[in-house]
Colleague: 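The structure follows.
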Amino acid sequence: MPNPQATRLNDLLSQANPSLLELLSKRGKDIFWPAEGILKQSAEAKDTRYNATVGIATEDDRSAMTTPSLGKEFGNDPGLFPYAPSFGLQPLREKWQEQMLAKNPSLEAEKITLPVVTGGLTHGLSVAASLLMDPGETLILPDKFWGNYKLIFQHGFGAEFVPFSFLKPDVSKEDGAFDLEAFETTLVQTPGKKIVLLNTPNNPTGYSPTTGEATEIVEILKRSAEKEPLAVICDDAYWGLVYEEGIQRESLFSALASAHPNLLAVKIDGATKEEFSWGLRVGFVTVGNAAMNPLAADAIEQKLGGTVRSQVSNCSRPGQTAILKALNSPTYEREKQRNFDVLKTRAKRCREVLEQGAETFDPYFKPLPFNSGYFLCVELQEGLNAENVRQKLLKEFDTGVIATGNLLRIAFSSVAESEIETIFENISQACQALANTSGKPDERQNSLF
């Protein structure tokens, strides 16, 4: 039987929109923020003179107790050592939402929750899965996806993957490469509860939809929602890193958050890539729905906060504090622009090298469409095996890439512009050296997809 606190939250969601409750998993329905017990009692005692409720060690002046060796690594600021709230630092949550709304002008503030802090994007995806997914339910996602999705959704939550063809067979078309027909067909033909995962910019391909494609994606999802409730998870790990004109700048979440009462949109984003702070592990989960109201938003936030507490208790205060200070810095946007320009220049150089070397490269590989993010992929011609090529590159060309299926993924984010031409020439030479082999798959081959 659900806890009375969970039942109260479920009632608030059902009153706002029955579809919100229907889309939650059993975990999602059962979870709650423990407003009673230790947390409540500690909160009530917060301003007392003699507070013996806090589960940390303190000095006599109530500052957090640490050691000089550790404290000096953090500027001897004792304020960085106490636990953060399970929801995250309130000023950071508010700042992140403020920036989200500024950078996504079509996003309606009243239709979304305040972001809840997670321990990076992977944890954010796990929180979303916990809220939405029961074992055996289907996850509709592109056939080109980040390998960690398997650990998170399949092995962690028992999801059944239903992939759709992400890129059109004829990727040379001028109107974009996203396979809208395959996407809608998969949605229509998949029975039962529908959970969709869209990752733009896409890892591994580095492709983001055009503005026209983005509009069509939203319309397809709205048509599906008109027939039955569905949830859409927007993995926005690389959001904002778009390098070409005509590509969708706003997150798909902006339109989906208010698209239809039967559509629950979940935005997973964070400081990891957007703020160039990978190891600080600061991510966010934000939920949107056309029927959202303040009580429903608070109920969802309490379920998200309860999920974070149940999994990791709370996320790193030093990481959150550092991100908040950076976001408030008057020079920060200029500093970020410099990094963006470096990545854009590398992506442009990749395109130049691939176009100029097409005659040399085409017998061995062709690039998949890319316009954003950290990566691009090249598809090997028939007869070549990606793992064999990867091994050849490692052993004979001092070059590392990722092999998956018949693709090689190149992270232009992590190589100097001056190295890009050499990398593609090395791939071409490695392919040429292996071109007369049988292409028989290597037993060690692994797959991201």
Side-chain angles (χ1 to χ4, degrees), residues 9 12-24 28 87-88 90-118 124 127-128 131-132 194-201 208-226 228-237 239-240 242 247-270 274 283-305 327:
L9 298 178
L12 290 172
L13 293 176
S14 184
Q15 290 165 19
N17 180 4
S19 292
L20 290 175
L21 186 61
E22 181 181 344
L23 285 164
L24 298 188
F87 297 87
Q90 187 72 8
L92 176 61
R93 299 173 65 201
E94 293 172 353
K95 184 68 177 181
W96 195 259
Q97 184 184 70
E98 175 190 315
Q99 293 210 338
M100 187 192 306
L101 293 168
K103 295 175 181 178
N104 295 274
S106 66
L107 183 59
E108 300 178 46
E110 65 273 14
K111 302 299 183 184
I112 64 173
T113 64
L114 193 65
V116 170
V117 175
T118 62
V127 168
L131 191 72
L132 298 171
K194 292 181 175 64
I195 304 173
V196 179
L197 174 59
L198 296 174
N199 167 220
T200 58
S208 288
T210 64
T211 53
E213 288 174 329
T215 299
E216 284 301 314
I217 290 168
V218 172
E219 289 303 314
I220 288 169
L221 289 166
K222 285 173 66 175
R223 288 196 290 271
S224 182
E226 287 167 357
E228 57 189 338
L230 81 156
V232 183
I233 301 171
C234 298
D235 178 353
D236 286 353
W239 184 81
V242 173
I247 306 305
Q248 177 71 4
R249 257 38 184 199
E250 287 195 48
S251 168
L252 291 171
F253 178 78
S254 299
L256 295 174
S258 56
H260 196 281
N262 282 346
L263 195 159
L264 178 68
V266 184
K267 189 179 198 294
I268 312 295
D269 58 18
E274 287 187 48
F284 299 88
V285 179
T286 309
V287 177
N289 179 257
M292 190 74 76
N293 63 35
L295 291 176
D298 181 67
I300 291 174
E301 287 172 36
Q302 289 194 50
K303 286 181 175 290
L304 293 172
L327 293 176

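FYI, the numbering just counts along the sequence from 1.
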Colleague: Please list, chain by chain and in numerical order, all residues satisfying side-chain hydrogen bond (donor to acceptor under 3.5 Å, both in side chains) with D236, sequence neighbours excluded.
Modeller: S251, K267

Colleague: Is the shortest heavy-atom distance from the side chain of L221 to the side chain of V232 under 4.5 Å?
Modeller: yes

Colleague: How long is the gap from NZ on K303 to CG on L12, to the nearest 0.5 Å?
Modeller: 10.0 Å

Colleague: List the residues meeting salt bridge (charged side-chain N to carboxylate O under 4.0 Å, His left out) with E94, not counting sequence neighbours, and say none if there are none.
Modeller: none

Colleague: Taking side chain as C-beta onward, heavy atoms only, is F87 less than 4.5 Å from V117?
Modeller: no

Colleague: Just grab all the side-chain hydrogen bond (donor to acceptor under 3.5 Å, both in side chains) pairs involving residues 283-296, residues at least two apart or on different chains.
Modeller: N17-N289

Colleague: So, using ring-ring contact (aromatic ring centres under 6.0 Å, His included) as the criterion, who are the partners of F284 when residues are at least two apart?
Modeller: W96

Colleague: Report the residues that fulfil salt bridge (charged side-chain N to carboxylate O under 4.0 Å, His left out) with R249, sequence neighbours left out, ordered by chain and then residue number.
Modeller: none

Colleague: Does the side chain of Q248 reach to within under 4.5 Å of the side chain of S208, using non-hydrogen atoms?
Modeller: no

Colleague: Could you walk me through whether L252 and T200 pass side chain to side chain contact (heavy atoms under 4.5 Å, CB included), step by step?
Modeller: CA-CA 8 Å; L252 291 171; T200 58; 4.2 Å; yes

Colleague: Going by heavy atoms in the side chains, are L264 and P229 under 4.5 Å from each other?
Modeller: no

Colleague: Kindly write out the residues that satisfy side chain to side chain contact (heavy atoms under 4.5 Å, CB included) with A225, not counting sequence neighbours, or none if the list is empty.
Modeller: L230, H260, N262, L263

Colleague: Over all heavy atoms of both residues, which pair between L23 and A231 is shortest? Give the atoms and the distance, please.
Modeller: CD2-N, 3.9 Å

Colleague: Could you pull out all residues at least two apart from K95 that satisfy salt bridge (charged side-chain N to carboxylate O under 4.0 Å, His left out)?
Modeller: E98

Colleague: Answer yes or no: is there a side-chain heavy-atom contact under 4.5 Å between T211 and I247?
Modeller: no

Colleague: How long is the gap from CD on E274 to CG on L327, to the nearest 0.5 Å?
Modeller: 9.5 Å

Colleague: Tell me every residue that passes side-chain hydrogen bond (donor to acceptor under 3.5 Å, both in side chains) with E108, counting only those two or more places apart in sequence or in another chain.
Modeller: S258

Colleague: First locate atom CG of N104, then atom CZ of F253, and finally report the distance between them rounded to the nearest 0.5 Å.
Modeller: 9.0 Å

Colleague: Would you give the length of the straight line joining atom CD1 of I233 to atom CG of L131, rounded to the nearest 0.5 angstrom?
Modeller: 9.0 Å

Colleague: Does the Q302 side chain pair with the main chain of A299, one donor and one acceptor, at a distance under 3.5 Å?
Modeller: no

Colleague: Run the side chain to side chain contact (heavy atoms under 4.5 Å, CB included) test on V266 and C234 for me, step by step, so that the C-alpha distance in whole Å, both residues' side-chain angles and the decisive distance to 0.1 Å come before the verdict.
Modeller: CA-CA 6 Å; V266 184; C234 298; over 6 Å; no

Colleague: What is the minimum heavy-atom distance between A214 and P209, and which atoms define it?
Modeller: N-CB, 4.0 Å

Colleague: Among residues at least two apart in sequence or on other chains, which ones pass side-chain hydrogen bond (donor to acceptor under 3.5 Å, both in side chains) with E250?
Modeller: S106, S254

Colleague: Can you list every pair that meets salt bridge (charged side-chain N to carboxylate O under 4.0 Å, His left out) and has a residue in residues 286-301, with sequence neighbours left out?
Modeller: R93-E301

Colleague: Is there side-chain contact between M292 and I300, with at least one heavy-atom pair below 4.5 Å?
Modeller: yes

Colleague: Do L24 and L13 make a side-chain contact, defined as non-hydrogen atoms from C-beta onward lying under 4.5 Å apart?
Modeller: yes

Colleague: Please walk me through it: do V285 and I268 pass side chain to side chain contact (heavy atoms under 4.5 Å, CB included)?
Modeller: CA-CA 5 Å; V285 179; I268 312 295; 3.8 Å; yes

Colleague: So, using salt bridge (charged side-chain N to carboxylate O under 4.0 Å, His left out) as the criterion, who are the partners of E228 when residues are at least two apart?
Modeller: K194

Colleague: If we only count heavy atoms from C-beta on, is the Q15 to L295 side-chain gap below 4.5 Å?
Modeller: no

Colleague: Identify, with sequence neighbours excluded, every residue that meets side-chain hydrogen bond (donor to acceptor under 3.5 Å, both in side chains) alongside W239.
Modeller: none

